[in-house]
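Data block below; observations after.
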Amino acid sequence: MTAKLLDGRALAQSLQAQFQGQIAEAVAAGHRPPGLAVIQVGDDPASSVYVSNKRNTCQKVGVTSFAHELPASTTQAELNALIDACNADPSIDGILVQLPLPPQLSAAEVIARIAPHKDVDGFHPENMGRLAIRQPGLRPCTPFGVMKLIETTGVDLYGIEALVVGASNIVGRPMALELLLAGATVTVVHRFSRDLAGHVARADLIIAAAGKPGLIRGEWIKPGAIVLDVGIHRREDGSLCGDIEFAAAAERASWISPVPGGVGPMTIAMLMHNTLQAWQAHLALRV
Ligand code: NAD
């Protein structure tokens, strides 16, 4: 392997230690700790794993998490009422609704109902819009975490050819906006795009977020490219892999993020970052 590893686990741990220090200092000075409402509807097993990871991280960092586990039969009116209550609660700085939601509930309606200053996932139309017009507020966690990992390479993104594979609201689109904000020349490919191999071959930086195991072949990658893999899949033997053929890609890339241990831990670290950002803004308002 010639590529250097982008170690998301180590970076996430060091960021979390830093956040823990900031919180401990503020609490010692008499402030209340940050509060995060974590709302899960139904008991999708993957969602339960994500939610418990988020709550464990809250505990480590010193964020108070308020768990709301609602039945799968919850109505939109009931969920809206809970969000309204969290919006109004002065001890809550951030509200996270774990997606996906059961089919009777609208994720778009839920996201738009969260007060933008408590939207620590960064999915509210106001926060997405702010990112689009170069005035970022709370930023979507996964793309923000990818940017923090890229920063560790020390590579200047101005003018480089960046490729985002995937165009979802939660990863691909905000990823493209982050890269544009950083000065890259950005191409986004999605399920209707032609010639994925050709796009990959031209890119200096590749962010894969299609949710298709092994979609990106190592041999397509331009020698020296920086490669980050957002995809997460569980193989039949229980191990995890991403959208990129890791071993072959690592022979050509200059930097590569592994799955697991790359982008995944950064998403939770940036959720903590956003919760701190919201908390600091709320404390300043109340002084
Ligand atoms: P999604 O299904 O909502 O979106 C996938 C996108 O990929 C779509 O825009 C689609 O058009 C595109 N796509 C599908 N097939 C393609 C192809 N053959 N070529 C090019 N584009 C193609 O998925 P998502 O929610 O954005 O998640 C993507 C992946 O990232 C999943 O594996 C998910 O588990 C993972 N994920 C990881 C984290 C993390 O923290 N690491 C966070 C969110 C999502």
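When a ligand or atom number is given, it counts from 1 through the structure's own listing order.
- Residue contacts with ligand 1, taken as heavy atom pairs separated by less than 4.0 Å, do not involve D243 at all.
- Under 4.0 Å from ligand 1, not a single heavy atom of M266 appears.
- Using a 4.0 Å cut-off to heavy atoms of K212, the atoms of ligand 1 that qualify are 15 (N).
- Ranking the protein heavy atoms by distance from atom 28 (C) of ligand 1 puts A209 O, 3.6 Å first.
- Of all the atoms in ligand 1, the ones that sit under 4.0 Å from a non-hydrogen atom of T267 are 39 (C), 40 (O).
- Using a 4.0 Å cut-off to heavy atoms of A167, the atoms of ligand 1 that qualify are 6 (C), 8 (C), 9 (O).
- At least one heavy atom of G264 sits less than 4.0 Å from an atom of ligand 1.
- Those atoms of ligand 1 with a heavy atom of I170 less than 4.0 angstrom away are 25 (O).
- By the criterion of a heavy-atom distance under 4.0 Å, neither the backbone nor the side chain of N169 is placed next to ligand 1.
- Of the protein's non-hydrogen atoms, R191 CA, 3.9 Å is the one closest to atom 16 (C) of ligand 1.
- Residue-level proximity to ligand 1 for T142 is carried by the side chain, the only part with a heavy atom below 4.0 angstrom.
- Using a 4.0 Å cut-off to heavy atoms of V171, the atoms of ligand 1 that qualify are 26 (O), 43 (C), 44 (C).
- Among all heavy-atom pairs drawn from R217 and E245, the shortest one is CD-OE2, 3.5 Å.
- The cluster map of Ile, Leu, Val, Met, Phe, Trp and Tyr, joined by side-chain heavy atoms under 4.5 Å apart, puts V61 and I95 in the same cluster.
- Looking only at heavy atoms of the protein, atom 18 (N) of ligand 1 is closest to L215 CD1, 3.6 Å.
- Checked by atom type, the side-chain pair Q40/S48 shows a donor-acceptor distance below 3.5 Å.
- In the hydrophobic clustering, L181 connects to L131, L177, either directly or through intervening members, whenever side-chain heavy atoms lie under 4.5 Å apart.
- The ring pair (Phe, Tyr, Trp, His ring centres under 6.0 Å) analysis of residues 62-85, with sequence neighbours excluded, yields no pairs.
- Distance alone, capped at 3.5 Å, is enough to place a donor-acceptor pair between the K118 side chain and the N87 backbone.
- Protein heavy atom nearest atom 36 (N) of ligand 1, with residue, atom name and distance: V230 O, 3.7 Å.
- G35 and T275 make their closest contact through O-CG2, 4.4 Å (heavy atoms, listed as atom of the first residue, atom of the second, distance).
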>> Walk me through whether E161 and T187 qualify under side-chain hydrogen bond (donor to acceptor under 3.5 Å, both in side chains).
In response: CA-CA 8 Å; E161 295 286 338; T187 302; 4.7 Å; no
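- D243 and H233 form a side-chain donor-acceptor contact under 3.5 Å, judged by distance and modelled atom types alone.
- Set against the non-hydrogen atoms of G166, the atoms of ligand 1 under 4.0 Å away are 6 (C), 7 (O), 9 (O), 12 (C).
- Of the candidates P140, S257, G211, A210, G211 brings a heavy atom nearest to atom 31 (C) of ligand 1.
- Of all the heavy atoms of I232, the ones lying under 4.0 Å from any atom of ligand 1 are found in both the backbone and the side chain.
- Considering CD of Q16 and CG of L271, their distance stands at 9.5 Å, rounded to 0.5 Å.
- At most 12 heavy atoms of other shown residues, nucleotides or ligands fall within 6.0 angstrom of atom CG in D43.
- One option in A46, G242, S168, P143 has a heavy atom closer to atom 23 (O) of ligand 1 than any other, and that option is S168.
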